[in-house]
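One structure is given below, encoded as structure tokens.
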Amino acid sequence: MRVLIAGIDGYLGWPLAQHLAARGHIVGGIDRFLRRAWVEEVGSISAVPIADWVEREKAFSEHFDNRLICGFGDMLDYAFLGTFVESFHPDAVIHLAEMPSAPYSMIDQAHSAFTQQNNVIGSLNLLWALHTHCPEAHLVKLGTMGEYGTPDVDIPEGFFDVEFRGRRDRLPFPRQAGSYYHWSKVHDSNNTMFACSTWGLRATDVMQGVVYGTYTGRTNDDWRMSTRLDFDTCFGTIINRFVCQVVLRHPLTVYGPGGQKRGFIPLGDSLACLTLALESPPKAGEYRVFNQFEDTYRISELAGIVCEEAHALGIDSEIIHYENPRVERADHYYNPDHKHLFDLGYQPSGDIRKVISQMIEDVLPFTNRLAPYRNNLVPEIRWDTEHRRSTPLSSAST
Ligand code: USQ
């Protein structure tokens, strides 16, 4: 299959390119290297060293028979995007090329507007490019579990049956996103659903939970194939941040009491699930939604697991609860469905503790690399008032 990865240089895109090539797919990619620029803008780096694109391409061609076919430009530049899609002519497109950070989208008006412009118009351009040049191609679009928010009822996969004033219908489940980033994903979902019903495109909207994990030289014996691992307050997601914090002997930063519950999936499982979706496309005109996570955890529970795994490796750590810079429910019901991927054959790779322990071991060699960033781990971007550094509420040591 010819698979185009939009966002091939990112945390998921780079290992996914390798995973797909190993399965014999012809991989194409587009990117504008914005993730590297955003992390630099917020004053951070990837915890794990990553190769520049020239080195990545060279390494890829050494490991795989198929060369990468890449175009470097902006999804907002429709002339670039349309031409590349037309010439590569994919059977499927995996769209990962969005600004992924909730805090970054809440910095100020300019960052909110940039996030929505970049994500919503970039995705809309991709819909037009597919409609115009390869209407048969399957779009696998990365959405987020955060689109649903945390309602007090179970969360279905995209749609639910509803009865209202004596009539019944199957409707999109209400979205209650928690940041301008998460709302940009809701807008994308609506546009994708409309493109399927109106133009007959086929799409899988993947509501992915929080991804965690390393993909390093250990995985493939070549550091150039490593993917990035962010730990800053914008682009670092919770488990990746906790792992880097224990390596840095920095207290784990739990926001509020830590009762927030989310769905989580290891990086390797995310690649496997995206591949499952890709290799079992929906029929023309179908818009299907997969909730993609392995299990749900509370943040305080995760902090405890990371501390215990660090302790087993001889690292003592401390959990500090900070005032929550976000506006989100602190303790809530959370029971999302995640059946569709299991129906397609998803088998979780295993134990979260093992993955976390391996992550700590992968990051430990880079302790000195991380050290200059130790003072940038407490959030300053706030949802509701003037930005200022969150203050500690309480702490616990292990
Ligand atoms: N949190 C802490 N301490 C930290 C960082 C985060 O307690 O140091 C809490 C947050 O308040 C939140 C939870 O951990 O309740 C998750 O935060 P996160 O930064 O790991 O993840 P989030 O902002 O939800 O976004 C991430 C990705 C995003 C993806 C989303 C999936 O950045 O691209 O869409 O996970 S989901 O969360 O299911 O919506």
Side-chain angles (χ1 to χ4, degrees), residues 7 10-13 35 38-39 42 95-106 115 119 141-150 155 175-186 188-189 205-213 228-246 248 250-265 267 270 290-304 306 319-332 334 336 338 376-383 389-390 392-393:
Y11 176 58
L12 287 176
R35 174 61 170 267
W38 294 325
V39 174
V42 299
H95 179 18
L96 310 170
E98 297 196 84
M99 201 300 294
S101 162
Y104 187 87
S105 76
M106 300 299 288
T115 301
N119 292 1
K141 162 84 186 69
L142 195 71
T144 167
M145 284 301 294
E147 291 188 27
Y148 301 118
T150 53
I155 299 173
R175 298 327 203 233
Q176 301 186 84
S179 71
Y180 284 119
Y181 152 70
H182 286 98
W183 277 110
S184 74
K185 296 288 215 177
V186 177
D188 288 344
S189 288
D205 207 349
V206 177
M207 301 296 138
Q208 184 160 254
V210 188
V211 185
Y212 62 97
R228 57 181 314 114
L229 187 77
D230 291 303
F231 59 99
D232 62 90
T233 59
C234 280
F235 293 93
T237 50
I238 184 80
I239 299 182
N240 295 355
R241 267 168 67 69
F242 282 171
V243 163
C244 294
Q245 288 171 348
V246 294
L248 275 172
H250 185 284
L252 274 67
T253 54
V254 172
Y255 298 167
Q260 310 93 306
K261 204 169 182 186
R262 300 285 183 272
F264 289 85
I265 184 165
L267 177 57
S270 169
F290 290 174
N291 291 350
Q292 180 163 304
F293 62 92
E294 195 257 317
D295 210 344
T296 60
Y297 298 89
R298 292 196 189 284
I299 301 306
S300 51
E301 185 186 355
L302 288 173
V306 174
I319 297 168
I320 294 196
H321 292 260
Y322 286 83
E323 41 167 351
N324 195 337
R326 307 183 182 199
V327 175
E328 59 186 359
R329 294 170 81 180
D331 198 10
H332 55 90
Y334 196 62
H338 56 154
N376 294 350
L377 295 171
V378 175
E380 292 181 2
I381 301 163
R382 303 180 64 83
W383 265 225
R389 216 171 156 82
S390 285
L393 300 169

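Start at 1 and go down the list; that is how both ligands and their atoms are numbered. Worth saying up front: this structure is predicted, and the values here are computed from it rather than measured. Values below: every heavy atom of this structure, side chains too, minus hydrogens, waters and symmetry copies.
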Parallel, tilted or perpendicular, as decided by the 30° and 60° cut-offs, for the rings of Phe293 and His338 |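 Aromatic pair His338/Phe293 classed parallel.
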
I would like to know whether Ser189 and Glu147 meet side chain to side chain donor-acceptor pair (under 3.5 Å); could you show each step before the answer?
-> CA-CA 9 Å; Ser189 288; Glu147 291 188 27; 2.9 Å; yes

Protein residues having a heavy atom less than 4.0 Å from any atom of ligand 1 |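 Its neighbours under 4.0 Å (heavy atoms only) are Pro100, Ala102, Thr144, Met145, Gly146, Tyr181, His182, Gln208, Gly209, Val210, Thr237, Ile238, Arg241, Thr253, Val254, Tyr255, Gln260, Arg262, Ile299, Arg326, Glu328, given by chain and number.
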
Output yes when Glu301 and Lys261 qualify as a salt bridge under the 4.0 Å nitrogen-oxygen rule, no when they do not.
->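 No, Glu301 and Lys261 are not salt-bridged.
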
What is the distance from atom OH of Tyr181 to atom CE of Met106, rounded to the nearest 0.5 Å?
->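 If I round to the nearest 0.5 Å, the distance is 14.0 Å.
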
Decide if atom OH of Tyr334 counts as having more than 12 heavy atoms of other residues, nucleotides or ligands within a radius under 6.0 Å.
->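 Count over threshold, so yes.
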
What donor-acceptor contacts under 3.5 angstrom involve side-chain atoms of residues 232-239, with partners at least two apart or in another chain?
unit_1: Asp232; atom_1: OD1; unit_2: Cys234; atom_2: N; d: 2.8
unit_1: Asp232; atom_1: OD1; unit_2: Phe235; atom_2: N; d: 2.7
unit_1: Thr237; atom_1: OG1; unit_2: Val211; atom_2: O; d: 3.3

